Amino acid sequence: MAKLKFQEVVLNITFHREGTKVIAYSPALNLSTCGDSMEQAKKRFEEMLPIFFEEVDNMGTLEDVLLECGWKKISHPHKHWQPPIPVGQYRKEIKIPCPA
């Protein structure tokens, strides 16, 4: 297998709590992990990224995975990937049914 070439991109990673765990999630890769703290979740996410890219490259699915996650392949002036660009986020109070 050919040695991977790399480019730098900026990923947005969100954190939220589920029970006693903190979840780290990147919408641009649809990838998540967890930890007992935000610091641990962040560390695990950073450790997981190279493994994730190595695995999808080994399976020959890197391009498919990135395209499915909304990335764009750019050819000009050189070949590279552009992650999905977040355009906003907001919080809204809503009402949902309660269990009986």
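Heavy atoms only: backbone and side chains are in, while hydrogens, waters and symmetry mates are out. Throughout, numbering of the chain's residues begins at 1 and tracks the sequence. Bear in mind the structure is a predicted one, so any value in this text is a computation, not a measurement.
- Interatomic distance, CG of Leu67 versus NZ of Lys72, reported as 11.0 Å (0.5 Å rounding).
- Between His16 and Val22, every side-chain heavy-atom pair lies at or beyond the 4.5 Å cut-off.
- For the pair Leu31/Leu49, a side-chain contact is recorded, criterion being any heavy-atom separation below 4.5 Å from C-beta on.
- Taking the side chain to side chain contact (heavy atoms under 4.5 Å, CB included) definition, one finds that Glu39 meets it with Ser37, sequence neighbours left out.
- Atom OG1 of Thr61 sits about 9.5 Å away from atom CD of Glu68, to the nearest 0.5 Å.
- Crowding of Gln7 atom CD: a count of heavy atoms from other residues, nucleotides or ligands under 6.0 Å exceeding 12.
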Please table the atom pairs, donor to acceptor, closer than 3.5 Å between any side-chain atom in residues 73-86 and protein atoms at least two apart or in another chain.
| from | atom 1 | to | atom 2 | distance (Å) |
| --- | --- | --- | --- | --- |
| Lys73 | NZ | Glu63 | OE1 | 2.8 |
| His80 | ND1 | His78 | O | 3.0 |

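- Heavy-atom neighbours of Glu47 CD from other residues, nucleotides or ligands within 6.0 Å: above the threshold of 12.
- The heavy-atom pair separating Ala41 from Ala24 by the smallest distance is O-CB, 3.9 Å.
- In this structure the side chain of Leu62 never reaches within 4.5 angstrom of the side chain of Trp71, judged on heavy atoms.
- Separation of atoms NZ (Lys21) and CG (Asp36) is listed at 3.5 Å; rounding is to 0.5 Å.
- Within a 6.0 Å sphere centred on NZ of Lys43, heavy atoms belonging to other residues, nucleotides or ligands number 12 at most.
- Here the CZ-CE distance, from Phe53 to Met48, works out to 10.0 Å after rounding to the nearest 0.5 Å.
- Cluster membership check: Met59 shares its hydrophobic cluster with Leu29, using side-chain heavy-atom separations under 4.5 Å among Ile, Leu, Val, Met, Phe, Trp and Tyr.
- Screening residues 25-35 for side chain to side chain donor-acceptor pair (under 3.5 Å), with sequence neighbours left out, gives Tyr25-Asn30.
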